[in-house]
Amino acid sequence: GCTMAVLLEAEGAVVVSVAYPLTPFPQPVATGYGVLKWVHRHRTRLGGQGAPVYLAGEEAGGNLAAAVCLVARDQAHPPLAGQILLSPMLDPCVGTASLRAATGNATGCQWTEGWRQFLRGPRDAEHPYAVPAGALRLAGLPPTLVLVGDTDPLRDEALAYASRLEAAGLPVTRHVLAKAAQWPDTLRQDCEHAAPCAAGAQAQFRRFFEATRLPLPE
């Protein structure tokens, strides 16, 4: 299928996919940060001399990517060229207009259940590494690409985070893919059938890499 990893690889990226534990916060974030440090340590072998390092994630993985980005900023290591958030799942209130349009009158949904399994209680929801969209301090993060579909249930929370990053003075690229029915599930279908959405996403990845792919300091 045309997964996010396949599209990133098509643009020259070396993708390291994280099999993070499906356990409550903070273990998935700690695992993600550990892998990020490993990637940075081995980046020359993986991507060549001066290879920049990016974080990318889709849906729940988008929340984890945003969280690990905050950890890297707070630890001042490693330097990141950018973060790519594809339909990130960022709002534990699961009450945006785009999500309500997708779920109708249902009282439960996959996103509600996902947050229930990730957050152990209300105090976790207050932690910026668990819910990066609620972080009070966003300055110092790298350039960000936010990619959503026009009928995407997670569209509103993703664009709201993009606006918060932009308000913090950060470089943000946001793009809404038109006629992206059942996005991002269409990326997991056969490439031939996912072609319009896949091509649109790949073009955004290409532009983002071109704008940010500069060798980073050691």
Side-chain angles (χ1 to χ4, degrees), residues 1-18 32-33 35-73 77-88 90 132 138-150 152 154-155 158-159 161-166 168-178 180 183-184 186-188 191 194-218:
C2 287
T3 63
M4 184 181 189
V6 169
L7 297 178
L8 291 170
E9 287 175 339
E11 291 307 317
V14 175
V15 177
V16 177
S17 183
V18 182
Y33 183 56
V35 172
L36 175 62
K37 290 190 291 184
W38 181 90
V39 167
H40 180 263
R41 193 161 58 245
H42 297 281
R43 69 194 182 284
T44 298
R45 178 167 61 85
L46 291 168
Q49 190 69 36
V53 178
Y54 294 80
L55 274 168
E58 175 186 337
E59 297 189 310
N63 187 70
L64 290 178
V68 172
C69 204
L70 284 172
V71 177
R73 178 204 63 186
H77 179 79
L80 293 170
Q83 62 174 337
I84 299 172
L85 307 178
L86 190 150
S87 298
L90 298 165
L138 295 172
L141 293 175
T144 300
L145 170 64
V146 175
L147 188 60
V148 294
D150 52 359
D152 187 348
L154 303 178
R155 181 196 64 208
L159 295 180
Y161 189 53
S163 294
R164 286 205 63 215
L165 292 170
E166 202 167 54
L170 302 170
V172 178
T173 302
R174 58 169 73 73
H175 185 76
V176 181
L177 288 164
W183 170 269
T186 49
L187 285 185
R188 303 183 188 100
C191 278
C197 286
Q202 190 170 337
Q204 290 302 315
F205 295 156
R206 182 183 312 124
R207 294 189 189 104
F208 188 65
F209 284 147
E210 289 172 352
T212 58
R213 191 184 281 160
L214 297 173
L216 291 172
E218 299 294 321

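- You'll find the side chain of L177 reaches within 4.5 Å of the side chain of L147, heavy atoms only.
- No donor-acceptor pair under 3.5 Å is formed between the side chain of R43 and the backbone N or O of Q49.
- Contact record, V146 with A162: CG2-CB, 3.9 Å, taken as the closest heavy-atom pair.
- Neither side chain, E59 nor S87, offers a donor N or O lying under 3.5 Å from an acceptor on the other.
- When all heavy atoms are compared, the tightest approach of A168 to A139 is CB-N, 4.3 Å.
- Contact of the L80 side chain with the Y54 side chain is not registered, since no non-hydrogen atoms from C-beta on lie closer than 4.5 Å.
- Contact check for V39 versus K37: no side-chain heavy atoms found under the 4.5 Å cut-off.
- Using a 4.5 Å cut-off on side-chain heavy atoms (C-beta onward), F209 and P52 make no contact.
- Between the CG atom of L85 and the CG atom of L90 there is a distance of 7.0 Å, given to the nearest 0.5 Å.
- A heavy-atom distance below 4.5 Å is not found between the side chains of N63 and Y161.
- Proximity of L170 to T144: side-chain heavy atoms (C-beta onward) are nowhere separated by under 4.5 Å.
- Counting all heavy atoms, side chain and backbone alike, L86 lies closest to M4 at CB-CE, 3.9 Å.
- Within the model, atoms OH of Y33 and CG of L55 stand 10.5 Å from one another, a figure rounded to the nearest 0.5 Å.
- Side-chain contact between V18 and L64 is absent, with no heavy atoms from C-beta onward closer than 4.5 Å.
- Checking L138, L36, L141 one by one against C69, the side chain to side chain contact (heavy atoms under 4.5 Å, CB included) holds for a single residue, L141.
- One finds the CD atom of E58 at 12.0 Å from the CD1 atom of I84 (value rounded to the nearest 0.5 Å).
- P143 and T212 make their closest contact through CB-CG2, 3.9 Å (heavy atoms, listed as atom of the first residue, atom of the second, distance).
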Side-chain polar contacts of residues 7-16 - donor-acceptor pairs under 3.5 angstrom, sequence neighbours left out - could you list them?
unit_1	atom_1	unit_2	atom_2	d
E11	OE1	R206	NE	3.2
E11	OE2	Q202	NE2	2.8
E11	OE2	R206	NE	3.4
E11	OE2	R206	NH2	3.2

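- Pairing each heavy atom of G57 with each of A65, the nearest pair is N-CB, 3.9 Å.
- Shortest non-hydrogen contact noted between L145 and Q204 is CD2-O, 3.9 Å.
- Taking the salt bridge (Lys or Arg N to Asp or Glu O under 4.0 Å) definition, one finds that R174 meets it with E166, sequence neighbours left out.
- Counting only heavy atoms from C-beta outward, the side chains of V148 and H175 never approach each other to under 4.5 Å.
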